[in-house]
Amino acid sequence: MKKNDKAGTATVPMDTEVTKRVEALLKQMSLAEKVGQLTQIGGADWNQGPKPEDVIRKGGAGSVLWLNNTKKFNALQKIAVEESPSGIPLLFALDVIHGYRTIFPVPLAMASSWDPSVAEKSQAVAAKESRAAGLHWTFGPMLDIARDARWGRIVEGAGEDPYLGATMAAAQVRGFQGDDLSDSERVLACAKHFAGYGAADGGRDYDPVYLSEAQLRNVYFPPFQAAVKAGVATFMSAYMDLNNVPATGNRWLLKDVLRGEWGFDGFVVSDAFAVLNLAIQGYARDKRDAALRSLNAGLNMDMASSSYLDSLEALVNDGSISIEQIDEMVRPILAIKIRMGLFERPYVDEALLEQIVALPEHRQASRLAAQRSMVLLRNEGGLLPLSKTLKNVAVIGPLADSMEATEGSWMVFGHKPDAVTVLQGIRNKLPDANVTYASGPDIRRDIPHPFGEFDAVAKKPAQSSEDADAAFHTAVETARGADLVIMVLGESHDMAGEFASRGSLDLPGRQEELLKAVSALGKPVVLVLLNGRPLSINWAAEHVPAVLEAWEPGSEGGNAIADILFGDVNPGGKLPVCFPRSGNHAPLYYARVLTHLPENRPNYLSRYWDSPTTPLYPFGFGLSYTTFEISNLKLSASQIKVGESATITADVTNTGKVAGDEVVQLYIHQKWGSDSRPMRELKGFERVTLQPGETKAITFQLGPDELGYWSTIAAGWIQDAAPFDIWVGADSLATLHADLEVVR
């Protein structure tokens, strides 16, 4: 089957000229210089150890991270090019996750667009700004499938589904890298964290992961393989133990699968300090052993732990590692630098960045991405869209005027918030109205973020209980004086991301209490959520008439939210994750296998006796200001042979009164076969815009790649001759059904 083939075109094809240049460099380089190419060092002032200038001058570094200073990039590059023994330029790297200066919706929000062009265009702007700053390489996209909403880094990925995740993975790689690594407006992408990182025990970041090979290959690998097929230049290994072998020292992952099966020809970097961490994790004896195990596993570059720099020469000299192994690890790093044109163009124009970030189309692109990423969860009585003739509106909540919460987590070092907040966006939309504001009580983490010293908001003194009570009272009274209330609740910017896992999915602090108090006033209430993960908003889902999931929408978030609330834009996003009713229900996802006693049968409606086990909102869900009908499901053939394909078509009609977007989704279920298969699996989708009364035919293909799977029984990729359920609809609960039979 195709899934068992190599990924096709090599990620970093070694054409004849590049190969000659690489081999020529290897012949002239000393062992110390080669080890330097395998070493990434920190460039920040707070970085411990030798000065980066001294290390670079000796040829002891191939890359620098934790630095965001254009002048210093050029200064360090000058040392590398003009003073190091072989004059090999550096790669400057940083986490640019959803924007450099212009901030786009967080990746989980981008996935909510169900529009790959949103991710591609967003990351293309991020790349352009990053490269203008002097960066060559971003540590993104994060491709970890996440089915436990408690896990903090769910915000950085595309959610719970491998098909959607793979589509967004390829789009982000295209956005960051473009078609040519020599493009001076693009950066190297890095597929991380390989692999299984999102399945940590209990949703606790860094905790061990235990996944069967079938789970890895069917669920967790597809986004990474899609990145390889899209030409991703680099990979990052994960921190955690995978089935008791840390990913950084896991030869099966880094060599057997990534290079052997998929044909990846780029290079692999560890996560920060992960090589040395092998000793802390009880896998390696010491730093020397950690370096040996990582290199033998196929890890090219050591991020910041100095394990390679301090150990590899001695390991070669005592025969533990051969010089041929070192050369093999260095080749793809040199090849990428050559292909990027760094030897010819090592420096950046220090005046370029301010010209690039001032381009108005970047903010326009951010606003459009935010608009397409938001999900309407509830709209009872058609409360939305709101009228622009409103004269007295209250905006309430601790996030309503927070630029940090609007931009979200994962900003580059030195970033200064510059977002349009929800409050400002509404005031922009209603220039003649009385728009009042009260924040209510502050929200903050119970346990501070380890990077809180770099965060002005986190360093703000904690609010006293008396001040919180006063703020609560002020918020209620402000709402009492308005004709309509827009509540802006959720999570602050440091409550999702790395070091940001949670045990609960409830609204933090007193936010739900405030929501109830304001709702009790009898005013129309709209709830806008700013958050980096699904939240358990059970009370709001029953009592608040309108709920908009805005995620962390970026620089133009406030304007985009106002565009949707007041009807200039019709929301069309869909959830890339289930919303659990409680944090205790996680992990929760739609693509589970059937049990001997399926739920929703009479007298057996839930796995729990104290609450439903169904999600509050299902995967793929999202409302619109118009209505749609999906009908006329047809198959090109009701029976096909193994290896053949079937064409699936369905019509989607806008049955409402305004133009809008629908995401038509295709799901399958293999009824029986060699292995048990999930009750539903997404195998196709298309987002379409329709005018009132307009109908469009949607076409999908189902072939061996969609109908096959990695079998535990067969220990390989197979396609069964078996019957299939086919559904097409607007979410994972689609009811429009047909049957497909696959035969020998």
Side-chain angles (χ1 to χ4, degrees), residues 106-109 111-112 142-162 164-165 193 196-212 215-216 219-220 238 240 242 375 377 409 445-447 489-491 495-508 511-512 529 531-541 549 551-552 574-593 595 599 605-621 678-680 682 731-733:
V106 290
L108 187 64
S112 297
M142 193 201 86
L143 305 181
D144 301 298
I145 295 297
R147 294 179 160 183
D148 191 329
R150 298 171 298 181
W151 188 54
R153 301 192 78 169
I154 191 172
V155 67
E156 297 174 56
E160 71 180 58
D161 184 77
L164 179 61
H193 309 82
Y197 184 43
D201 277 354
R204 298 181 297 270
D205 207 6
Y206 310 140
D207 264 19
V209 170
Y210 298 94
L211 293 169
S212 68
Q215 288 174 296
L216 285 166
V219 178
Y220 293 88
M240 80 299 145
L242 175 63
V375 184
L377 298 178
S409 62
R445 293 167 53 124
D446 296 335
I447 299 172
L489 309 177
E491 298 178 312
M495 291 180 175
E498 194 166 8
F499 301 109
S501 295
R502 297 182 61 189
S504 166
L505 297 178
D506 296 342
L507 287 167
Q511 291 182 99
E512 185 165 298
L529 294 171
N531 47 295
R533 56 160 59 80
L535 296 176
S536 300
I537 54 165
N538 303 319
W539 189 88
E549 175 56 87
W551 304 110
E552 294 170 339
K574 301 281 187 173
L575 295 179
V577 283
C578 296
F579 268 48
R581 298 175 188 272
S582 168
N584 295 331
H585 292 191
L588 183 66
Y589 50 96
Y590 81 94
R592 295 171 291 146
V593 297
T595 69
E599 296 168 86
L605 300 179
S606 176
R607 291 281 185 261
Y608 302 130
W609 61 260
D610 58 348
S611 63
T613 47
T614 54
L616 184 62
Y617 297 107
F619 175 84
F621 177 81
M679 62 179 73
R680 294 201 181 195
L682 179 71
D731 58 42
S732 56
L733 302 181

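In this chain, residues are counted from 1 in sequence order.
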Just do the side-chain contact (heavy atoms from CB on, under 4.5 Å) check on Leu377 and Ile537 with the steps written out, would you? CA-CA 11 Å; Leu377 298 178; Ile537 54 165; 4.3 Å; yes

Give a yes-or-no answer on whether the side chains of Tyr206 and Glu498 include a donor-acceptor pair shorter than 3.5 Å. yes

Shortest non-hydrogen contact from Leu575 to Pro618? CD1-O, 3.8 Å

Will you find, in the side chains of Tyr589 and Asp148, an N or O donor that is under 3.5 Å from an N or O acceptor? no

Check the pair Leu682 / Glu160 against side-chain contact (heavy atoms from CB on, under 4.5 Å), numbers first and verdict last. CA-CA 11 Å; Leu682 179 71; Glu160 71 180 58; over 6 Å; no

I'd like to know if the side chain of Thr613 reaches the main chain of Ser606, judged simply by a donor and an acceptor atom lying under 3.5 Å from each other, with no hydrogens or angles considered. no

For Ser732 and Phe619, indicate whether the former's side chain and the latter's backbone hold a donor-acceptor pair under 3.5 Å. yes

Scanning both residues in full, the closest heavy-atom pair of Pro534 with Ala149 reads CD-CB, 3.7 Å

Find the distance between NE2 (His193) and CE (Met142) and round it off to the nearest 0.5 Å. 7.0 Å

Is it true that the side chains of Asp731 and Tyr617 contain a donor and an acceptor less than 3.5 Å apart? no

May I ask you to decide if Ala200's main-chain N or O and Asp207's side chain share a donor-acceptor pair within less than 3.5 Å? no

Show your working on side-chain contact (heavy atoms from CB on, under 4.5 Å) between Leu733 and Phe621 and close with a plain yes or no. CA-CA 9 Å; Leu733 302 181; Phe621 177 81; over 6 Å; no

Shortest non-hydrogen pair, Ala591 vs Arg147, comes out as CB-NH2, 4.1 Å

Indicate yes or no for a side-chain donor-acceptor contact from Arg533 to the backbone of Met495 under 3.5 Å, with no hydrogens or angles considered. yes

Would Val375 and Trp551 count as a side-chain contact (heavy atoms from CB on, under 4.5 Å) here? Give the steps. CA-CA 9 Å; Val375 184; Trp551 304 110; 4.1 Å; yes

Test item: Leu242 and Leu216 side chains (from C-beta on) under 4.5 Å apart, heavy atoms: yes

Just verifying a value: how many Å separate Leu489 CG and Leu529 CG, rounded to the nearest 0.5 Å? 7.0 Å

Do the non-hydrogen side-chain atoms of Tyr590 and Asp161 ever get within less than 4.5 Å of each other? yes

Looking at Glu156 and Arg153, would you say the former's side chain and the latter's main chain have a donor-acceptor pair under 3.5 Å? no

Please say whether more than 12 non-hydrogen atoms of neighbouring residues, nucleotides or ligands are located less than 6.0 Å from CG in Asp610. yes

Interatomic distance, Leu616 atom CG to Ser611 atom OG [nearest 0.5 angstrom]: 11.5 Å

Taking Asn538's backbone N and O only, do any of them form a donor-acceptor pair with Arg581's side chain (distance below 3.5 Å, no angle check)? no

How close do Asp144 and Trp151 get, counting heavy atoms only, and between which atoms? CB-CH2, 4.1 Å

Expected output: side-chain Gln511 to main-chain Gly490 donor-acceptor under 3.5 Å: yes

Exercise: identify the closest heavy-atom pair between Met240 and Gly196: CE-C, 3.9 Å

Do you know which two heavy atoms are closest between Glu491 and Arg502, and how far apart they sit? OE2-NH1, 3.1 Å

Can you find a side-chain donor-acceptor pair between Asn531 and Glu549 that sits under 3.5 Å? yes

Under 3.5 Å, is there a donor on one side chain and an acceptor on the other for His585 and Ser536? no

Are any of the side-chain heavy atoms of Val155 and Glu552 separated by less than 4.5 Å? yes

